[in-house]
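In what follows, a structure is listed as structure tokens, so that the remarks can point back to it.
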Amino acid sequence: MKVIKCKKCGKEYPKDTKFCSECGTHLKDGIVGFFIAILFLYFAVEVATALLPNLIVSSISYYKYGQDFLYEALMALVILIVMLLSRNSYVFTQKSEKFNKSLLLGWPFLILAFIVLFESVASLEEFNFFNCLNLVLFCFTIGIYEEFLCRGWIQNEFLEKYGSTKKLVIRSIFLASLIFGCIHFFNLLAGQTFFETLTQVIHATACGFFLGTLYYRTKNIWAVIVLHAFWDFAIFLGEHSLIRECSTGVATTLIIIDNVFGLSVFSVFYIVMAIILLRDCDFGETKTKLDTEKETDRKSVV
């Protein structure tokens, strides 16, 4: 039962009680405080709506990652529209695990991301708030675009097409992860070397396999998006204080070897953790659940 406390003597009463029997204070005499709170909230919203648009626009226009954010935001918008038009909106709300538990199940990803984040923070020469703001927006939109595309849409389509046995589920997750990895071949257009890009594709495929397994296990796309965005943020933060044109270039042999070794260890770790996570999955009901939820969504749209 909800209670109300007397502000003067501290005694508690049922919610509908009007006066305190001890001191006679009116228990609902909080209209002034309520009015002040509403007034404060109104001014806070007014200030936010007046300042934030200019702040974000100036940040995007004059600081690093602004154009990257706009591009990824456009791609994220496109894939969200495609998901809705193809009547896959069940992905937006479908969950078999809560957000916080889904994040905890992704602990291998979080541990490696924190290690990379620590290294990135240690390498910072200076900190720029607007660069960081753009980077946060940029990474979050990357997570939305790539996770809804590769996990929410492509992986679910493979699962519905191939079936729900353990072997077929693993095949579906792998194919979606392979597509996710191959997307990174487009980085060749940004000036990356083929070897560097190939290494990135292999690592992204292994990373995608873990994220795909986590999504299959939890059905919580938002937790997977946050993990993906956090990982990208940890990586990109290392070049946060660098000029864009100086953040890429010809790496020394030692740097290449170190990079390949690190990504190889990470890739093996992701695959092993994904296999362990798959052991706790229920493979018998996956297709039925997806079909049922998708059919319900289609009927609601029609």
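Side chains are part of it too, since the values below use all heavy atoms of this structure and drop only hydrogens, waters and symmetry mates. Fair warning: this is a prediction, and the values are worked out from it, not measured in the lab.
- Inter-residue side-chain proximity for Tyr145 and Leu80 is flagged as unmet; no heavy-atom pair is nearer than 4.5 Å.
- Looking at every heavy atom in both residues, Ile173 comes nearest to Leu278 through CD1-CD2, 4.3 Å.
- When all heavy atoms of Phe210 and Leu105 are compared, the pair lying nearest together is CZ-O, 4.2 Å.
- A cation-pi arrangement is absent between Arg151 and Tyr216, since the terminal nitrogen or guanidinium carbon is not both under 6.0 Å from the aromatic centre and inside a 45° cone about the axis.
- Atom CG of Leu168 and atom NZ of Lys161 lie 12.0 Å apart (nearest 0.5 Å).
- Looking only at distances, no side-chain donor or acceptor of Asp232 sits under 3.5 Å from a matching main-chain atom of Cys139.
- The side-chain contact (heavy atoms from CB on, under 4.5 Å) check on Ile81 picks up Leu77, Leu85, with sequence neighbours excluded.
- Across every non-hydrogen atom of Asn134 and Tyr63, the tightest pair is ND2-O, 3.4 Å.
- Considering CD of Glu196 and CG of Leu263, their distance stands at 9.5 Å, rounded to 0.5 Å.
- Two residues are said to be in side-chain contact when any heavy atoms from C-beta on lie closer than 4.5 Å; Phe195 and Thr199 meet this criterion.
- Taking the centre of each ring, Phe180 and His228 come in below the 6.0 Å mark.
- Looking only at distances, no side-chain donor or acceptor of Glu147 sits under 3.5 Å from a matching main-chain atom of Gly152.
- For Asn220, the side-chain hydrogen bond (donor to acceptor under 3.5 Å, both in side chains) test picks out no residue, with sequence neighbours left out.
- Geometrically, Arg171 does not engage Phe158 in a cation-pi contact, judged by NZ or CZ lying under 6.0 Å from the ring centre and within 45° of the ring axis.
- With hydrophobic clusters built from ILVMFWY side chains whose heavy atoms lie under 4.5 angstrom apart, Trp107 shares a cluster with Ile115.
- Counting heavy atoms from C-beta on, the side chains of Leu227 and Trp231 never come closer than 4.5 Å.
- Between the OG atom of Ser123 and the CG atom of Leu237 there is a distance of 7.0 Å, given to the nearest 0.5 Å.
- Under the side-chain contact (heavy atoms from CB on, under 4.5 Å) criterion, Val272 pairs with Val268, Ile276, sequence neighbours left out.
- Using cut-offs of 30° and 60° on the angle between ring planes, the pair His203 and Phe266 is tilted.
- Taking the salt bridge (charged side-chain N to carboxylate O under 4.0 Å, His left out) definition, one finds that Lys101 meets it with Glu97, sequence neighbours left out.
- The closest side-chain heavy-atom distance from Phe114 to Leu117 is below 4.5 Å.
- Under the side-chain contact (heavy atoms from CB on, under 4.5 Å) criterion, Gln200 pairs with His184, Asn187, Gln192, sequence neighbours left out.
- Counting only residues at least two apart or on different chains, no side chain to side chain donor-acceptor pair (under 3.5 Å) pair has a member in residues 262-273.
- One hydrophobic cluster, built from ILVMFWY side chains closer than 4.5 Å, holds both Phe230 and Val121.
- Across all their heavy atoms, Ile235 and Ser120 have their closest contact at O-OG, 4.0 Å.
- Considering every non-hydrogen atom in both Gly181 and Thr205, the closest pair reads CA-OG1, 3.4 Å.
- Between Phe148 and Trp153, the distance separating the two ring centers is not shorter than 6.0 angstrom.
- Atom CZ of Phe118 sits in a sparse spot, with 12 or fewer heavy atoms from other residues, nucleotides or ligands closer than 6.0 Å.
- Residue-environment remark: CZ (Phe140) stays at or below the threshold of 12 foreign heavy atoms within 6.0 Å.
- Side-chain contact between Thr165 and Val169 is absent, with no heavy atoms from C-beta onward closer than 4.5 Å.
- The hydrophobic cluster containing Leu277 also contains Ile221, counting ILVMFWY residues as joined when their side-chain heavy atoms lie under 4.5 angstrom apart, directly or transitively.
- The two residues Gly212 and Gln155 come nearest to each other via the heavy atoms O-NE2, 3.0 Å.
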inquiry  = Please evaluate residues Leu74 and Leu70 with respect to the criterion side-chain contact (heavy atoms from CB on, under 4.5 Å), reporting the C-alpha separation (whole Å), side-chain torsions for both, the decisive distance (0.1 Å), and the verdict.
reply    = CA-CA 6 Å; Leu74 176 61; Leu70 290 178; over 6 Å; no
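- Atom CG of Leu104 sits about 10.0 Å away from atom CZ of Phe99, to the nearest 0.5 Å.
- To the nearest 0.5 Å, atom CD of residue Gln94 and atom NZ of residue Lys219 are 6.0 Å apart.
- Hydrophobic clustering, with ILVMFWY side chains joined whenever heavy atoms are under 4.5 angstrom apart, groups Ile142 together with Val136.
- Looking at Val82 and Leu149, their side chains never come closer than 4.5 Å, going by heavy atoms from C-beta outward.
- Taken together through direct or relayed side-chain contacts under 4.5 Å among Ile, Leu, Val, Met, Phe, Trp and Tyr, Ile111 and Val116 form part of one hydrophobic cluster.
- Between Phe92 and Trp222, the two ring planes are tilted [angle within 30° to 60°].
- Residues Phe209 and Leu214 fail the side-chain proximity criterion, which asks for heavy atoms closer than 4.5 Å.
- Side-chain atoms of Ser96 come within 3.5 Å of backbone atoms of Thr218 as a donor-acceptor pair (strictly under, hydrogens ignored).
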task = Could you check Phe138 against Phe69 for ring pair (Phe, Tyr, Trp, His ring centres under 6.0 Å), going step by step and ending with a plain yes or no?
result = CA-CA 4 Å; Phe138 174 45; Phe69 160 65; 8.2 Å; no
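- Side-chain atoms of Phe185 and Leu188, non-hydrogen and from C-beta on, do get closer than 4.5 Å to each other.
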